[in-house]
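If you read the sequence from its start, that first residue is 1, and numbering goes on from there. A quick note: this is a predicted structure, and the numbers were derived from the prediction, not measured.
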Amino acid sequence: MDALIPPDVTAELTQILSNLVLGDNEIRSNAEAVVDERLAHRPDVYLLALTQFATGVDTVEVMRSFSLVLLRRLLFRPSPGPSSKSPRLTLYDRLSAQTLTAIERILLHCLLHEQIDSVRRKAVDTMCDLANNSMGRGRPWHALQAQSFAMCKSADPSARECAFRIFSGCPNLVMDLQTDAVLRVLQEGLQDRQSVEVRHAALRASVSYLTSSDQHQIAQSLSLMYPMLDTLPSLPHAHLPKFLITLTPLATSHPQLFAPHLQVLLSFLPALIIPSADSGPTPTVARPFPGTQSFTFPPTPNGGPPDDVELDEEAEEVRKAALEFMISLSEAKPAMVRRVDGWVSAIVRGCLGGMGELRDDELSTWLDADPADDPTDDTYPHIYEQSLDRLACALGGKAVLPAAFQHIPGMLASHDWKLRHAGLMAIASVAEGTSKVMQNELGKVVDLITPLFLDPYPRVRYAACHCIGQLCTDLEEVIQAQFHQQIFAALIPTLEVTEPRVHAHAAAALINFCEGVERDTLLPYLDPIVDRLLKLLNPVQDGSRPTKRYVQEQAVTTLAMVADASETTFAKHYSSIMPLLLNVLRNANTSEYRKLRAKAMECAGLIAIAVGREVFRADAGAFVELLIRIQNSPVDTSDTMLPHYLIATWAKVCQAMGPEFEPYLPVVMPPLFRAANAKADVSVYEDEDVPESKEGWDIIEMDGQQVGIRTSAIDEKCQAFETLVIYCSTLGARFAPYLQQSLEVVLQSLRFVLHDGVREACAIVLPMLVSCGKTSNTIDGDMVTNVVQHVASVITQETDSTFLASLFKCATECLRGWGDVKPETRLTLENAAKHQLQALADKRRARSTRTAGEIEEDREDLALLEEMEEFALEDMAKMLGLFDANHPLLIAISSVRDLGLGLGAWDSDGEGGEE
């Protein structure tokens, strides 16, 4: 193409781009500053130059790619220029129509003539971004549409692939065209005989088209699913993963499209996820397993992968992609897949088979490793455990338990330790989602597990501890009440086995048991448990073997939970344990003892609460002084645990000391307010820059953008408000000096949408603060009015039904605690209630227009949603009843209730309440 840019600009841009890709930070920063300066004053010239540079025949491949990526990022970033009067104005918005036309023409030329596939794909990404944003501003790119359709017919497979990539990245190019014409083009691409890459690009375009279509277009496009799914069977294994990964988002967003094809998918997918199994050696005298035979999975009806003991990496990728597709479809439409005979059993068998693929040569490494830094974790089949858990949570016990327990008993009796391990971990994985149904056969399940605490293989005993611990969480209170004798008979001796990994995990399982146990159930076992945990705290085991630090950390944590569960009865062990914990706090000052110190703080705090103020008082001063010393020590930014544990321990000390804690408020409140006032640490990512995972961060979609949120700071913020609840409820009027500052931060955080726990804690603590102010005479009617007016404002704007009930309850308790309602306050709350009544009525009317089939498919989600709305209506009625027992809006509440679908209470087992 002819040069549109003066040679001096081209030369300068060449140097700038060269500097931008250098590793020297200073040079790169200077180049970025130059780019900003040039774009601020001459965006047309430099963006056009950048576009032309990307298509220059003399430009090396890597620089052409870099230029296209940079152009994509710069076009729609906020304009740095002085003329920018709106934060939404971008560099694109400052370009003249002539410049935009030139940029589009150059990119179209690049798309046709670029010979390097990687550069061409970068051009496609940039053009899709440009087309989407242009159309959003009322500037359709008709030339791109025409050229893309022409390229679909090209003899060059690379050109055809690019065309479908454009349709995938910019579905709006085809959304307004005749459906038959679009389907014909997409089907031709899906059936391309020359190139797998073309078929994959056409599949991506088809998914994008269906995802962007309205219900009418989808109804006209159902036939497209046949060629889409028909791309799978003939594919080489190397290409299957990316095809399945492409289909998975469609399975999540539009699962009903797959309903007619489930039987066909079931004839194809199980062979990808169910491994063949070797029956292994015949049982011997050393491993008799009386009454059972060597366990193997039965062969799949449709065949299976080759009988390789070690699946190669390619087959494993296929297996994971197929499993994720099946799980995602099951989660999106549970009722649909439950009706397909064989679907659940195939997934269960695939998961169980994958869970049994551990390595025999890792035992010594596993035994020696710290659980927090275990190299064998890299080869552990987590994906299959997680998939089984997700399936159970989605489909419930009646669907999953029969399929799982068709195999689990045989696995637990297998000659192969790996299958015994997998059987135990499978019970743990399904427990959460199937707990209601599992309760009916819980005795049989416990009887299957407890013998394996004596298994000769350490990792199986570890899995038995894990399994019992998980059941104690997922069937909390039920299993503790009915089977405590069998569980303690298994767990307590396991605290004394020789392997640190095993006895530490037994101690961890005791924590789960204690969280749901009645005090009287625990007391007969208290002494043997404490005695064995104290032995684990000794620096040396068996006279010579040094105790691993993670064992001591776990023993301290378990002691804390045992103390919490046994309450005042723990006092007889107080004198043996508290001096040990205080000694840890005095001496564990180096970095390797951070976790032990944090656990000792937590344990001491829980023991203080358990034994009560009178027993704790003798050590309270020493404990508090140690906490103050730790809090005032030089800040170590790498110690992320300390702030969390300090705040939590101070809260426990307050609960233990009661009113005697008041003198320490000046010490604890400043760091608490700092944590409560913490701002969210947020990063917004470009699509190609979104990290797969980042420790301590969550990636969410917000307003169409990928947003990263540092969860550790937000969790500390939530903890600060939960601690504020403890201080205010424990100290009452004594908390008055911090009332005003607390009100400010709490009212501000009622709108903190990034963490539900923060808002819930704020809604709980507000009435307490009002009561504190009234009792201490540090608050007046105007301040209470401001508080309630603020709550009313939040109620009016709230869109989350699950939080509405908390807000109405907060307003009611504030008014009830103060004892006086001003007319203007009442009017504001009534208006907020009217607004929410209208919103809830609109939502319920909209749901009522669904067909019976649609309602049945989404029954569980709708039942949960309406149950949350009922809670909100109930608390709204209580608030209005405070104003007037016969308030006119109470009739409106009844009317809104009548608009519900009448699905009954939500069933957490996902089976419509049928047991």
Side-chain donor or acceptor of T434 paired with backbone N/O of L401 under 3.5 Å: no
With sequence neighbours excluded, residues passing side chain to side chain donor-acceptor pair (under 3.5 Å) with K418: D360, D416
Reference residue I529; test side chain to side chain contact (heavy atoms under 4.5 Å, CB included); the match among L559, L491, I492: I492
Under the ring-ring contact (aromatic ring centres under 6.0 Å, His included) test, residues paired with F258 that sit two or more places apart: F325
Straight-line distance of K548 NZ to L536 CG, nearest 0.5 Å: 13.5 Å
Point-to-point distance, once rounded to the nearest 0.5 Å, from CG of L323 to CG of L272: 10.5 Å
For D715, all residues meeting side-chain contact (heavy atoms from CB on, under 4.5 Å), sequence neighbours excluded: T711, H755
Nearest-0.5 Å distance that lies between atom CD in E476 and atom CD in E515: 6.5 Å
Partner set under side chain to side chain donor-acceptor pair (under 3.5 Å) for S234, not counting sequence neighbours: none
Any residue meeting side chain to side chain donor-acceptor pair (under 3.5 Å) with T547, in chain and number order, not counting sequence neighbours: Q541
Flag, side chain of S429 to backbone of M425, donor-acceptor distance under 3.5 Å: yes
Least distance between heavy atoms, V502 atom then P458 atom: CG2-O, 3.5 Å
ring-ring contact (aromatic ring centres under 6.0 Å, His included) partners of H644, counting only residues at least two apart: none
side-chain contact (heavy atoms from CB on, under 4.5 Å) assessment of I245 paired with E324: CA-CA 8 Å; I245 289 169; E324 178 60 30; over 6 Å; no
Distance, nearest 0.5 Å, that separates NE2 of H382 from CD of Q386: 7.5 Å
Closest approach of R319 to G353 (non-hydrogen atoms, all atoms of both residues): NH2-C, 3.7 Å
Salt bridge (charged side-chain N to carboxylate O under 4.0 Å, His left out) partners of residues 363-389, not counting sequence neighbours, each pair once: D374-R501
No-hydrogen, no-angle side-chain donor-acceptor test under 3.5 Å, R594 and Y645: no
Mutual orientation of the aromatic rings belonging to W417 and H421 [parallel < 30°, tilted 30-60°, perpendicular > 60°]: perpendicular
Student check: side-chain heavy atoms of E331 and R390 closer than 4.5 Å: yes
D639 and R597: CA distance, side-chain angles, deciding distance, salt bridge (charged side-chain N to carboxylate O under 4.0 Å, His left out) verdict: CA-CA 11 Å; D639 187 358; R597 180 176 68 175; 3.4 Å; yes
Donor-acceptor side-chain pairing of T557 and E602 below 3.5 angstrom: no
Expected output: side-chain R420 to main-chain V460 donor-acceptor under 3.5 Å: no
Donor-acceptor contact below 3.5 Å, side chain E317 vs main chain P241: no
Counterpart residues, side-chain contact (heavy atoms from CB on, under 4.5 Å), relative to E441 (two or more places apart): K444
For A588 against Y593, the heavy-atom pair lying closest together: CB-CB, 3.6 Å
Side chain Q552, main chain L537, donor-acceptor under 3.5 Å: yes
The single option from V348, V400, L448 passing side chain to side chain contact (heavy atoms under 4.5 Å, CB included) against F405: L448
Under 3.5 Å: donor-acceptor pair, side chain of R338, backbone of L395: yes
Under 3.5 Å: donor-acceptor pair, side chain of H503, backbone of V497: yes
Note, R459 side chain near L367 side chain (heavy atom, < 4.5 Å): no
Heavy atoms from other residues, nucleotides or ligands near CD of E496 exceed 12 (cutoff 6.0 Å): yes
side-chain contact (heavy atoms from CB on, under 4.5 Å) between L329 and T248, worked out: CA-CA 8 Å; L329 191 55; T248 298; over 6 Å; no
Spatial distance of atom CD1 (I427) from atom CD1 (I408) [nearest 0.5 Å]: 5.0 Å
side-chain hydrogen bond (donor to acceptor under 3.5 Å, both in side chains): pairs with one or both residues in residues 251-265, sequence neighbours excluded: none
Taking every non-hydrogen atom, the tightest pair across A565 and V517: CB-CG1, 4.0 Å
pair V344-L391: side-chain heavy atoms closer than 4.5 Å: yes
Salt-bridge criterion met for E592 and R549 (N-O under 4.0 Å): no
Side chain to side chain, L269 and L244, heavy atoms closer than 4.5 Å: yes
Set of side-chain contact (heavy atoms from CB on, under 4.5 Å) partners for T231, sequence neighbours left out: L190, L203, F243
Interatomic distance, S345 atom OG to L266 atom CG [nearest 0.5 angstrom]: 7.5 Å
Side chain to side chain donor-acceptor pair (under 3.5 Å) involving E477 - partner list, sequence neighbours excluded: none
Heavy-atom check, side chain of I347 versus side chain of L388, under 4.5 Å: no
Within-4.5 Å side-chain heavy-atom neighbours: V478 and F483: no
Exceeds 12 heavy-atom contacts within 6.0 angstrom, atom NZ of K333: yes
Close side-chain approach of W366 to R359, heavy-atom, < 4.5 Å: no
Taking every non-hydrogen atom, the tightest pair across F513 and C472: CD1-SG, 3.6 Å
For residues 461-471, which side-chain N or O atoms pair as donor and acceptor with protein atoms under 3.5 Å away, sequence neighbours left out?
residue, atom, partner, partner atom, Å
R461, NE, D455, O, 2.7
R461, NH1, E499, OE1, 2.9
R461, NH2, E499, OE2, 3.1
Q470, NE2, D474, OD2, 2.9

Test side-chain contact (heavy atoms from CB on, under 4.5 Å) applied to L229 and F268, step by step: CA-CA 11 Å; L229 295 176; F268 169 68; over 6 Å; no
F488 side chain near P524 side chain, heavy-atom distance below 4.5 Å: no
